[in-house]
Every structure is written in C-alpha cells, then in structure tokens.
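Take a look at the structure below.
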Amino acid sequence: MKLAIFGASGRTGLPLLEQALQQGHEVKTLVRNPSKLNITHDHLTVIQGDATDPTAVETTITGSEAVLTVLGHTKSSTPDIMTVATRNILAAMQHHHITD
C-alpha cells in the first residue's frame with residue numbers, strides 16, 4: 001500500500017515509519033528537518049517541508065492510498081499548528097478521494 005505519513009520524525013512517528021516499511025508499504029513523508037530522520041529505504045520518499053504549507057501537504061499525499069498523521073506540538077510551534085495542518089491534510093485527502 002502507498003502511505004503518506006505526517007510526523008514521521010517524532011517519537012511516535014519513527015516507530016510507525018519503521019513498521020510501515022518493514023511491512024512492505026511504500027511511504028512518502030513530509031518532515032521539516034530531514035536530518036532528524038535517520039532512516040533510508042528503497043520504499044521511502046522524504047519530502048522536506050511543513051504541514052502548514054498546503055502545497056507540501058498536497059505533494060506528500062499525491063499518489064497515496066492512505067494517510068497517517070502523528071503530528072505533535074513542540075515549544076517552537078505556533079498555537080494553531082495542529083488546526084492548520086489537519087485542515088491542509090483533510091483538504092488534500094478530499095482532493096485525491098482518499099478516505100483512509
């Protein structure tokens with residue numbers, strides 16, 4: 001299955017990403033800082049960007065069959081980061097007719 005994962009470089013995201021790859025899924029992930037993601041795999045595409053950017057979210061979701069998000073809030077995050085990111089993810093999912 002082709003998956004888009006948001007938040008893959010975090011404490012919850014890293015194990016999720018590892019499990020997805022171990023199970024043979026093709027994964028695209030959007031990360032702000034690719035150097036935090038110390039995983040390389042033939043089925044992994046890393047996109048540098050931010051989930052508050054609708055274009056970056058759209059790029060990440062394009063071609064996916066399902067979307068997983070484990071985004072979290074950090075000290076440097078804006079107060080509305082989760083709202084904006086979720087809105088962008090849902091809009092891209094609707095655009096690509098992804099319901100999972």
Side-chain angles (χ1 to χ4, degrees):
M1 180 174 271
K2 295 179 181 181
L3 304 175
I5 300 179
F6 294 89
S9 63
R11 287 182 294 177
T12 303
L14 280 170
L16 174 65
L17 175 60
E18 290 171 347
Q19 288 176 19
L21 292 170
Q22 287 171 357
Q23 293 176 9
H25 299 291
E26 292 182 37
V27 178
K28 288 201 307 188
T29 185
L30 179 67
V31 295
R32 287 177 298 192
N33 185 354
S35 67
K36 286 182 64 179
L37 198 62
N38 57 0
I39 297 174
T40 58
H41 195 282
D42 289 341
H43 293 149
L44 175 63
T45 301
V46 178
I47 300 165
Q48 183 172 2
D50 192 295
T52 60
D53 175 4
T55 303
V57 171
E58 182 79 25
T59 300
T60 306
I61 289 178
T62 299
S64 298
E65 298 170 275
V67 177
L68 300 119
T69 180
V70 286
L71 289 171
H73 192 274
T74 65
K75 291 180 183 180
S76 62
S77 300
T78 60
D80 64 346
I81 189 167
M82 298 302 288
T83 302
V84 174
T86 301
R87 188 176 297 134
N88 290 339
I89 292 167
L90 289 174
M93 288 177 68
Q94 289 173 343
H95 180 251
H96 290 280
H97 309 288
I98 300 171
T99 58
D100 294 331

Next on the checklist: Between I5 and T60, is the side chain to side chain contact (heavy atoms under 4.5 Å, CB included) condition met? List the steps.
Outcome noted: CA-CA 8 Å; I5 300 179; T60 306; over 6 Å; no
Checklist outcome for this item: The reported gap from OG1 in T99 to CD in Q94 (rounded to nearest 0.5 angstrom) is 11.0 Å
Next on the checklist: Quick check on the hydrophobic clustering: are L16 and V67 connected, directly or via other members, by side-chain heavy-atom contacts under 4.5 Å?
Outcome noted: no
Checklist outcome for this item: G63 and K2 have their tightest heavy-atom pair at O-CD, 3.3 Å
Checklist entry - Do any pairs count as a ring pair (Phe, Tyr, Trp, His ring centres under 6.0 Å) and have a residue in residues 49-68, sequence neighbours left out, and if so which ones? => result none
Next on the checklist: Distance check, rounded to the nearest 0.5 Å: D50 atom CG versus T78 atom OG1?
Outcome noted: 8.0 Å
Next on the checklist: Quick check: closest heavy atoms across A20 and V27, and the distance to 0.1 Å?
Outcome noted: CB-CG2, 3.9 Å
Next on the checklist: Testing the basics here: between M1 and A66, what is the closest heavy-atom pair and its distance to 0.1 Å?
Outcome noted: SD-CB, 4.0 Å
Checklist entry - Quick one: CD on E26 to CG on L44, what's the gap to the nearest 0.5 Å? => result 11.0 Å
Checklist entry - Which distance, rounded to the nearest 0.5 Å, do you find between the CG of L71 and the CG of L68? => result 11.0 Å
Checklist entry - What are the two closest non-hydrogen atoms of G7 and V70, and how far apart are they? => result O-CG2, 3.5 Å
Checklist entry - If Ile, Leu, Val, Met, Phe, Trp and Tyr residues are connected whenever their side-chain heavy atoms lie under 4.5 Å apart, and connections chain through other members, are V57 and I81 in the same group? => result yes
Item to check | All pairs passing ring pair (Phe, Tyr, Trp, His ring centres under 6.0 Å) where residues 3-41 contributes a residue, at least two apart | outcome: H41-H43
Checklist entry - For P34 and V46, which heavy atoms make the closest approach, and how far apart are they? => result CB-CG1, 4.2 Å
Cut-off 3.5 Å, no hydrogens considered: what does the side-chain donor-acceptor table look like for residues 82-90, sequence neighbours left out?
unit_1 : atom_1 : unit_2 : atom_2 : d
T86    : OG1    : M82    : O      : 2.7
N88    : ND2    : A51    : O      : 3.0
N88    : ND2    : T52    : O      : 3.1
N88    : ND2    : V84    : O      : 3.4

Next on the checklist: Side chains of L17 and L37, heavy atoms from C-beta outward: is any pair under 4.5 Å?
Outcome noted: yes
Checklist entry - If you take all heavy atoms of I61 and H96, which pair is closest and at what distance? => result CG2-CD2, 4.0 Å
